[in-house]
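The figures here come from the full heavy-atom set of this structure, side chains too, leaving out hydrogens, waters and symmetry mates.
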Amino acid sequence: ATLDSKTTTQDNTDDEAVFDAADVTWTTSSITARAAILYEYTGVTSTSPLIAYIDFGADKTSDGGTFQITFNAEGIVNIN
C-alpha cells in the first residue's frame with residue numbers, strides 16, 4: 001500500500017524528528033503477517049531504500065476481513 005498523509009515534523013518537546021502517515025487498511029483481505037516494511041520505491045526494487053521495519057511481536061491475521069496497521073500516535077519513526 002502507498003502511505004497517505006505523510007508528514008515530517010520537529011518535536012521540540014522530545015527533541016526529535018518525526019515521520020508519520022495515515023494508518024494502512026486492506027479490506028476484504030486474508031493476510032497473515034508478523035511484520036511490515038516501509039521503503040521508498042525508486043522504480044527499481046534493488047535501489048529502493050528501507051525506511052523502517054515494524055515487528056508486530058506476533059502474527060496479525062485477517063480472514064476475509066479488514067487487515068489494518070495502526071501506527072503509533074507518536075509517529076512511525078522518531079529520530080533524535
Side-chain angles (χ1 to χ4, degrees):
T2 300
L3 294 179
D4 291 326
S5 305
K6 295 178 290 292
T7 61
T8 53
T9 57
Q10 180 176 325
D11 180 347
N12 292 325
T13 302
D14 295 330
D15 295 324
E16 61 190 12
V18 178
F19 171 74
D20 202 6
D23 297 340
V24 181
T25 303
W26 291 266
T27 57
T28 318
S29 64
S30 295
I31 297 172
T32 298
R34 178 157 307 236
I37 60 170
L38 303 180
Y39 63 95
E40 177 186 359
Y41 185 61
T42 63
V44 179
T45 303
S46 63
T47 62
S48 296
L50 178 70
I51 295 170
Y53 175 88
I54 302 167
D55 186 343
F56 301 144
D59 287 351
K60 288 182 59 143
T61 302
S62 65
D63 186 14
T66 299
F67 186 91
Q68 181 170 2
I69 300 173
T70 304
F71 297 120
N72 189 299
E74 289 285 319
I76 299 170
V77 177
N78 302 71
I79 301 169
N80 50 352

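Using a 4.5 Å heavy-atom cutoff, the side chains of F19 and I79 are not in contact. For the pair V18 and E74, the minimum side-chain heavy-atom distance is 4.5 Å or more. Annotation: side chain of T42 is in contact with side chain of P49 (closest heavy-atom distance under 4.5 Å).
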Kindly determine whether L38 and L3 satisfy side chain to side chain contact (heavy atoms under 4.5 Å, CB included), including the steps that lead there. CA-CA 9 Å; L38 303 180; L3 294 179; 4.2 Å; yes

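Counting all heavy atoms, side chain and backbone alike, N12 lies closest to D15 at O-OD1, 3.1 Å. When all heavy atoms of D23 and F71 are compared, the pair lying nearest together is OD1-N, 2.9 Å. R34 approaches G57 most closely through the heavy-atom pair NH1-O, 4.0 Å. The two residues S29 and F67 have their closest heavy-atom pair at OG-CB, 3.5 Å.
Here Y41 sits in one hydrophobic cluster together with I37, Y39, L50, Y53; the rule is ILVMFWY side chains under 4.5 Å apart, joined directly or through other members.
When each of I31, T32, T28 is tested with S62 by the rule side chain to side chain contact (heavy atoms under 4.5 Å, CB included), just one qualifies, namely I31.
To the nearest 0.5 Å, atom CD1 of residue I69 and atom CH2 of residue W26 are 4.0 Å apart. The distance from atom CD1 of I76 to atom CD1 of I51, rounded to the nearest 0.5 Å, is 9.0 Å.
Counted within 6.0 Å of CG on D63, heavy atoms from surrounding residues, nucleotides or ligands total 12 or fewer; the atom is thus considered open.
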